[in-house]
Amino acid sequence: MGNRLQKYRGCLLAVALGDVIGSKYEWMSSRDLNSQFKTPLDVIHGTSLKEDAYYTDDTQMTICVAESLLKDGRINRENLAQNFSESYDTWRGYGAGTRAVLNAIYTGATVEDASVAEFSEGSYGNGAAMRVAPLGLYFPKNQELLRSAVHDASSITHCHRHGIEGAQIMANAISYMVRVKQFEIDEYWKVITNAVESNNFRLKIDQAMSLSSLDDLIEYGSDISALDSVPTALACAAIHHNCLLTAIGTAILIGGDTDTVASMTGALVGALVGDHAIPETFIKAVDRDNKKGATYLITLADELEKASNKQ
Ligand code: AR6
Ligand code: MG
């Protein structure tokens, strides 16, 4: 188990680790992945980062949330929306709904109008949940502040109630992981169920609690919606809470939205165990291929750790 600073670093670096490695296998089937790799660790060690360690929207938007929090001391929706828009690289694999929102913000729409640019009831995708880690790290002990910050950070692009609910659940689970010294499975699921609001999530989370193997996870499945991916990541993190690389590799072997489920799983387990398992080769490759690389993520994690003491 890492110390406090290692836990903050572990969380943000694992967002990127799951994203970078997972993005190489996005939409592959579990059958193809499991015939290519014998074990979850094979996925991590068998993926070359020599030519390409670019991260996708998961890490980019997580960076934006951390930057905005640190700059404003809270979530200012307009400033965060501007940050999302200014850092939007079209090639980083954003979802169609989020692309439409960011284009609308770029052309001067208000945040309210932009949030329904693609879907009249807002997006129920996992794009708000995948970027929520800095909020769980920033407000580990203040549920009310966490709740309103998650709402404000999520509703810019995901004002559908399931999009926001998935982010609330993830943020509470991250804050549990970073708070505790010892993982207690019953306490973990209790924190999660306390954040659940809808029957749809209640049902999915009830099922997720009983999963115990990769086969279970594959049968349970993962998809692009918050409802069909956040509980998968929560279960994968619970099963492999003591090994970050196995957790991320397992999340990828489930198939489907591999980068985002692996990134969310990584955020959870990284916040628990810390950064000791993050390979040095990965840090170097992400620094090489991204202007704001792994060293920058470490700086953000350190600043979040310092600032969170005041919350
Ligand atoms: N009505 C119909 N379809 C919807 C709705 C809705 N209200 N909401 C979402 N969808 P999106 P994200 C479907 O585009 O959540 C990236 O790779 C629709 O097909 O908001 O930001 C990320 O890394 C829509 O395109 O994206 C994530 O892995 C899709 O759900 C993933 O994509 C995703 O919603 C989702 O990112
Ligand atoms: Mg993605």
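Counting only residues at least two apart or in different chains, side chain to side chain donor-acceptor pair (under 3.5 Å) contacts with residues 159-171 comprise Glu165-Ser198. Residue pairs satisfying the side chain to side chain donor-acceptor pair (under 3.5 Å) criterion with at least one member in residues 285-304, sequence neighbours excluded, are listed as follows: Arg9-Asp302, Glu67-Lys292, Glu67-Tyr296, Arg92-Asn290, Asp287-Thr295.
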Could you give me the CA-CA distance, side-chain angles and deciding distance for Arg77 and Ser155, then say whether side-chain hydrogen bond (donor to acceptor under 3.5 Å, both in side chains) is met? CA-CA 9 Å; Arg77 288 178 87 215; Ser155 56; 3.3 Å; yes
Please determine whether side chain to side chain contact (heavy atoms under 4.5 Å, CB included) holds for the pair Tyr55 and Ser263, giving the CA-CA distance in whole Å, both sets of side-chain angles, and the decisive distance to 0.1 Å. CA-CA 10 Å; Tyr55 53 67; Ser263 184; over 6 Å; no
Would His151 and Ile164 count as a side chain to side chain contact (heavy atoms under 4.5 Å, CB included) here? Give the steps. CA-CA 6 Å; His151 180 275; Ile164 296 176; 3.9 Å; yes
The test is side chain to side chain contact (heavy atoms under 4.5 Å, CB included); show your working for Leu80 and Cys64 and say whether it passes. CA-CA 7 Å; Leu80 179 54; Cys64 290; 4.1 Å; yes
In sequence, state the C-alpha distance, the side-chain angles, and the governing distance for Leu211 and Glu219, and then conclude on side chain to side chain contact (heavy atoms under 4.5 Å, CB included). CA-CA 10 Å; Leu211 309 180; Glu219 202 184 326; over 6 Å; no
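Applying the ring pair (Phe, Tyr, Trp, His ring centres under 6.0 Å) test to His240 and every residue at least two apart in sequence or in another chain returns nothing. With sequence neighbours excluded, no residue forms a salt bridge (charged side-chain N to carboxylate O under 4.0 Å, His left out) with Glu26. Residues that satisfy the ring pair (Phe, Tyr, Trp, His ring centres under 6.0 Å) test with Trp27, not counting sequence neighbours, are absent from this structure. Scanning for ring pair (Phe, Tyr, Trp, His ring centres under 6.0 Å) contacts around Phe37 gives Tyr25, with sequence neighbours left out. With sequence neighbours excluded, the residues forming a side chain to side chain contact (heavy atoms under 4.5 Å, CB included) with Ser115 are Cys159, listed by chain and number. With sequence neighbours excluded, no residue satisfies ring pair (Phe, Tyr, Trp, His ring centres under 6.0 Å) with Phe84.
Side-chain contact between Trp189 and Ile185: present, with at least one pair of heavy atoms (C-beta onward) separated by less than 4.5 Å. For the pair His158/Thr98, a side-chain contact is recorded, criterion being any heavy-atom separation below 4.5 Å from C-beta on. Within the 4.5 Å cutoff, the side chain of Cys11 has heavy atoms near those of the Leu137 side chain. Leu69 places a side-chain heavy atom less than 4.5 Å from the side chain of Phe139. Two residues are said to be in side-chain contact when any heavy atoms from C-beta on lie closer than 4.5 Å; Leu70 and Leu304 meet this criterion. With a 4.5 Å cut-off on side-chain heavy atoms, Leu17 and Leu245 count as touching. A 4.5 Å side-chain heavy-atom check between Thr59 and Leu297 finds at least one atom pair inside the cut-off. The shortest distance between side-chain heavy atoms of Met61 and Tyr94 falls below 4.5 Å.
In this structure, CG on Leu146 lies 5.5 Å from OG on Ser175, to the nearest 0.5 angstrom. The CD atom of Glu184 sits 11.5 Å away from the NZ atom of Lys190 when rounded to the nearest 0.5 Å. Between the CG atom of Asp257 and the OG atom of Ser229 there is a distance of 6.5 Å, given to the nearest 0.5 Å. Rounding to the nearest 0.5 Å gives a distance of 8.0 Å between CD of Glu78 and CD1 of Ile156. Taken to the nearest 0.5 Å, the NZ atom of Lys24 stands 11.5 Å off from the CG atom of Asp259. Going from atom OG of Ser308 over to atom CG of Leu135 covers 12.5 Å, rounded to the nearest 0.5 Å.
No donor-acceptor contact under 3.5 angstrom links the side chains of Asn194 and Asn172, judged on distance only.
Not a single donor-acceptor pair under 3.5 Å links the side chain of Asp223 to the backbone N or O of Gly256. With hydrogens and angles disregarded, a donor-acceptor distance shorter than 3.5 Å links the side chain of Asp19 to the backbone of Thr56. Checking side-chain atoms of Lys141 against main-chain N and O of Arg179 turns up no donor-acceptor pair under 3.5 Å. For Asp42 (side chain) and Thr39 (main-chain N/O), a donor-acceptor pair under 3.5 Å exists by modelled atom type. Between the side chain of Tyr188 and the backbone N or O of Leu234, at least one donor-acceptor pair lies under 3.5 Å. In this structure, Thr258 contributes its side chain and Ile254 its backbone to no donor-acceptor pair below 3.5 Å. Of the possible donor and acceptor atoms, none in the side chain of Asp72 sits under 3.5 Å from a partner among the backbone N and O of Ile75. Judged by distance alone, the side chain of Thr246 and the main-chain N or O of Leu41 form no donor-acceptor pair under 3.5 Å. Between the side chain of Asp52 and the backbone N or O of Tyr54 there is at least one donor-acceptor pair closer than 3.5 Å.
Minimum interatomic distance between Ala226 and Gly166 (heavy atoms only, all atoms of both residues): CB-CA, 4.3 Å. Smallest separation of non-hydrogen atoms from Asp216 and Ser212: OD2-N, 2.8 Å. Residue Ala129 comes nearest to Val230 through the heavy atom pair CB-CG2, 3.6 Å, listed as atom of the first residue, atom of the second, then distance. Across every non-hydrogen atom of Ile105 and Ser85, the tightest pair is CG2-CB, 3.8 Å. Across all non-hydrogen atoms, the minimal contact from Met130 to Gly127 is CG-O, 3.4 Å. Here the closest non-hydrogen pair linking Gly255 and Ser222 is O-OG, 3.2 Å.
Tracing side-chain contacts under 4.5 Å through hydrophobic residues (I, L, V, M, F, W, Y), one reaches Tyr138 starting from Met264; they form part of the same cluster. Taken together through direct or relayed side-chain contacts under 4.5 Å among Ile, Leu, Val, Met, Phe, Trp and Tyr, Leu49 and Val43 form part of one hydrophobic cluster. Taken together through direct or relayed side-chain contacts under 4.5 Å among Ile, Leu, Val, Met, Phe, Trp and Tyr, Val20 and Ile252 form part of one hydrophobic cluster. Following chains of ILVMFWY side-chain contacts shorter than 4.5 Å, one can reach Leu244 starting from Val178, so the two form part of one hydrophobic cluster. By the criterion of side-chain heavy atoms lying less than 4.5 angstrom apart, applied directly or through intervening Ile, Leu, Val, Met, Phe, Trp or Tyr residues, Ile174 is grouped together with Val65 in one hydrophobic cluster.
Cluster partners of Leu5, using a side-chain heavy-atom cutoff of under 4.5 Å among ILVMFWY residues and allowing indirect links: none. Summarising the hydrophobic clusters (Ile, Leu, Val, Met, Phe, Trp, Tyr; side-chain heavy atoms under 4.5 Å, direct or chained), the residues clustered with Tyr124 are none.
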Could you pull out every donor-acceptor pair under 3.5 Å between side chains of residues 265-286 and any protein atom, sequence neighbours left out?
from   : atom 1 : to     : atom 2 : distance (Å)
Thr265 : OG1    : Val261 : O      : 2.7
His276 : ND1    : Val273 : O      : 3.4

Donor-acceptor pairs are to be reported for all side-chain atoms of residues 199-209 against protein atoms at under 3.5 Å, with residues two or more places apart or in another chain.
from   : atom 1 : to     : atom 2 : distance (Å)
Arg202 : NH2    : Val196 : O      : 3.4
Lys204 : NZ     : Asp228 : OD1    : 3.3

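Within a 6.0 Å sphere centred on CZ of Arg4, heavy atoms belonging to other residues, nucleotides or ligands number more than 12.
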